[in-house]
J.: 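What follows is a single structure, and I will ask about it in a moment.
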2 protein chains.
Amino acid sequence: MKERQSWRDVRDQIQARLLNGTYAMGDRLPRDEDIAAELGCARSTVQRAMQDLADAGRIDRRRKGGTQVKHSPVTRATFDIPLIRAEVEAKGARYAYRLLSRDLGLPPPTVAASMELPTTAQALHVRALHLADTRPYVLEDRWINPETVPEILSVDLAAISANEWLVRNRPYSRFDLAFCALRAGPEEADLLQIPVGEALFVTDRTTWLGAASITLVRQIAVPGYRIATRS
Amino acid sequence: MKERQSWRDVRDQIQARLLNGTYAMGDRLPRDEDIAAELGCARSTVQRAMQDLADAGRIDRRRKGGTQVKHSPVTRATFDIPLIRAEVEAKGARYAYRLLSRDLGLPPPTVAASMELPTTAQALHVRALHLADTRPYVLEDRWINPETVPEILSVDLAAISANEWLVRNRPYSRFDLAFCALRAGPEEADLLQIPVGEALFVTDRTTWLGAASITLVRQIAVPGYRIATRS
DNA sequence: AAGTGGTCTAGACCACTGA
DNA sequence: CAGTGGTCTAGACCACTTG
């Protein structure tokens with residue numbers, strides 16, 4: 001008779017109560033132990049379910065203070081950011097890559113600051129174009145920290161993209177990511193073969209190995225590019 | 001002497017091995033039980049740590065198949081999407097809201113399809129402007145399913161934004177979210193008080209209550225808008 | 001059929017924090 | 001200082017998947 005309950009079942013039951021108003025906004029929920037007794041499972045199962053709801057931003061939990069329904073639930077969304085090669089191939093197109101430039105030099109102050117480089121430190125500046133079926137797809141502008149990744153200086157970046165080399169050879173421990181929109185200037189328009197003034201989707205990323213920056217990259221996608229939560 | 005280990009400690013130790021090459025790409029890791037014995041903790045602690053690494057897209061786990069280091073780690077990023085009011089106020093600006101239009105009518109086919117509405121079903125169409133210190137900040141174009149949320153028809157949407165009313169009165173159980181970039185046409189330019197052709201950051205969201213759609217909304221932000229992973 | 005991850009349980013103790 | 005969430009442990013059994 002007694003059904004076995006997974007923590008996901010418990011979470012769904014509690015979520016149903018959040019939705020149907022049994023637990024309304026601002027309410028304090030019963031103690032985990034009481035809910036466990038009511039639902040006929042162990043307290044740790046309730047705890048796991050509650051942790052999930054808290055991670056999703058729907059409840060607040062505090063020791064001694066108990067569990068409360070949030071007044072303004074935060075919307076928290078997770079995106080998978082694929083390798084560009086994988087993304088292109090998933091669309092059934094042929095992936096190609098073209099190195100535009102590769103120079104060792106002094107990065108601009110904003111870049112140096114984002115990567116936490118000394119002001120006198122040089123970095124490897126790489127510009128490249130990713131193509132889908134010979135049509136431009138993403139324009140990439142990257143700085144690489146040669147202190148963290150000295151091997152990169154001897155890699156043939158015309159043969160393999162910096163992105164893929166890094167992913168395969170230098171796993172990161174942490175990264176920052178941001179999205180914004182950018183108006184195409186003459187240079188972007190020329191390289192992406194689009195009219196000046198088109199709206200472009202931009203991804204900025206900095207990756208770190210411990211406290212040391214690995215690379216900072218701006219990827220500029222063609223008009224129409226779109227990124228969605230994974231279903 | 002024996003330190004107590006949290007699953008986060010265990011995760012960090014395993015991650016260190018992924019970074020320093022002890023476990024290289026494609027390698028198979030020892031069984032959870034062996035790692036637990038080696039690190040001096042319970043198997044469930046290792047299991048929790050491994051689950052976290054798997055969630056982050058760095059390892060693959062299969063029953064009987066064991067745990068393997070991924071060849072192409074997936075980058076998985078989490079964003080907090082705030083209420084616009086909260087976002088504006090967090091920047092120290094005064095939030096205001098202006099209703100532009102409110103009509104019951106037949107949504108265009110793309111909207112009806114996204115919301116899974118019957119082709120003959122009417123929906124509430126709301127257009128509104130969010131302002132920061134009297135300057136336009138976000139332009140919102142929204143369709144609301146009156147089957148799911150009949151009360152919305154009698155709400156004074158000039159007094160409270162549909163967004164906030166929904167958040168406070170009709171929690172969702174699921175949502176889809178997508179980002180893209182859009183070139184400002186004459187209408188957006190006029191309403192946001194910007195030049196035609198500026199690049200705008202667009203957020204599209206559909207929310208659901210169970211299998212029924214609640215609302216579909218497109219939010220168009222002023223130039224310079226940026227969204228970043230939470231640190 | 002056997003090996004490995006997935007999860008639950010019961011109990012214990014810890015760590016906050018509000019009264 | 002007492003109440004509540006946070007986490008660990010040891011053991012058990014389940015579920016998948018590979019050989």
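Below, chains carry the letters A, B, ... as their sequence lines are ordered, and counting in each starts from 1.
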J.: Got a sec, which residues hit side-chain contact (heavy atoms from CB on, under 4.5 Å) with Glu89(A), two or more places apart in sequence or on another chain?
T.: Arg85(A), Tyr95(A)
J.: What pairs of donor and acceptor atoms, side-chain ones from residues 49-56 of chain A against any protein atom, are under 3.5 angstrom apart with sequence neighbours left out?
T.:
| from | atom 1 | to | atom 2 | distance (Å) |
| --- | --- | --- | --- | --- |
| Gln51(A) | OE1 | Arg48(B) | NH2 | 3.3 |
| Asp52(A) | OD2 | Arg11(A) | NH1 | 2.7 |

J.: Using the test salt bridge (Lys or Arg N to Asp or Glu O under 4.0 Å), find all partners of Arg98(B) that sit at least two apart in sequence or belong to another chain.
T.: none
J.: Could you check whether Tyr225(A) and Glu87(A), counting side-chain N and O atoms only, form a donor-acceptor pair closer than 3.5 Å?
T.: yes
J.: So what does Arg43(B) touch, heavy atoms closer than 4.0 Å: a base, only the sugar-phosphate, or nothing?
T.: base
J.: What side-chain donor-acceptor pairs closer than 3.5 Å can you find for residues 146-158 of chain A, not counting sequence neighbours?
T.:
| from | atom 1 | to | atom 2 | distance (Å) |
| --- | --- | --- | --- | --- |
| Thr148(A) | OG1 | Asn145(A) | ND2 | 3.1 |
| Thr148(A) | OG1 | Ser213(A) | O | 2.7 |
| Glu151(A) | OE2 | Arg170(A) | NH2 | 2.6 |
| Ser154(A) | OG | Glu151(A) | O | 3.0 |
| Asp156(A) | OD1 | Ala158(A) | N | 3.1 |

J.: If the condition is side chain to side chain donor-acceptor pair (under 3.5 Å), which residues does Arg142(A) pass it with, not counting sequence neighbours?
T.: Glu140(A), Thr215(A)
J.: Excluding sequence neighbours, so at least two apart, what forms ring-ring contact (aromatic ring centres under 6.0 Å, His included) with Phe79(B)?
T.: Phe79(A), Phe179(A)
J.: Can you work out whether Glu33(B) or Ser44(A) has the more 5'-proximal nearest nucleotide on DNA chain C?
T.: Glu33(B)
J.: Tyr97(A) and His130(A): aromatic ring centres closer than 6.0 Å?
T.: yes
J.: Enumerate all atom pairs, one protein N or O and one N or O from nucleotides 16-19 of chain C, separated by less than 3.5 Å.
T.:
| from | atom 1 | to | atom 2 | distance (Å) |
| --- | --- | --- | --- | --- |
| dT17(C) | O4' | Arg63(A) | O | 3.4 |

J.: Describe, as an angle rounded to 10 degrees, how the axis at the first end of the helix from dA1(C)-dT18(D) to dG18(C)-dC1(D) is tilted relative to the axis at the last end, five pairs per end.
T.: 20°
J.: Report the residues that fulfil side chain to side chain donor-acceptor pair (under 3.5 Å) with Gln15(B), sequence neighbours left out, ordered by chain and then residue number.
T.: none
J.: Expected output is a numbered-order residue list: members of residues 21-32 of chain A with a heavy atom under 4.0 Å from any atom of DNA chain C. What is it?
T.: none
J.: With sequence neighbours left out, write down each residue that passes side chain to side chain donor-acceptor pair (under 3.5 Å) with Trp143(A), or none if nothing qualifies.
T.: none
J.: Does Gln51(A) put a side-chain nitrogen or oxygen below 4.0 Å from OP1 or OP2 of dT7(D)?
T.: yes
J.: Kindly say if Thr67(B) contacts the phosphate of dG5(C), meaning a side-chain N or O under 4.0 Å from OP1 or OP2.
T.: yes
J.: Are OP1 or OP2 of dG5(C) and a side-chain N or O of Gln47(B) less than 4.0 angstrom apart?
T.: no
J.: The side chain of Thr45(A) lies closest to which of these nucleotides: dC8(D), dC8(C), dG6(C)?
T.: dC8(C)
J.: For Thr22(A), give me all partners under side chain to side chain donor-acceptor pair (under 3.5 Å), at least two apart in sequence or on another chain.
T.: Asn20(A)
J.: Rounded to the nearest angstrom, tell me the gap between atom CZ in Arg48(B) and atom P in dT9(D).
T.: 14 Å
J.: Let me know the distance between CG of Leu39(A) and C1' of dT9(C), rounded to the nearest Å.
T.: 15 Å
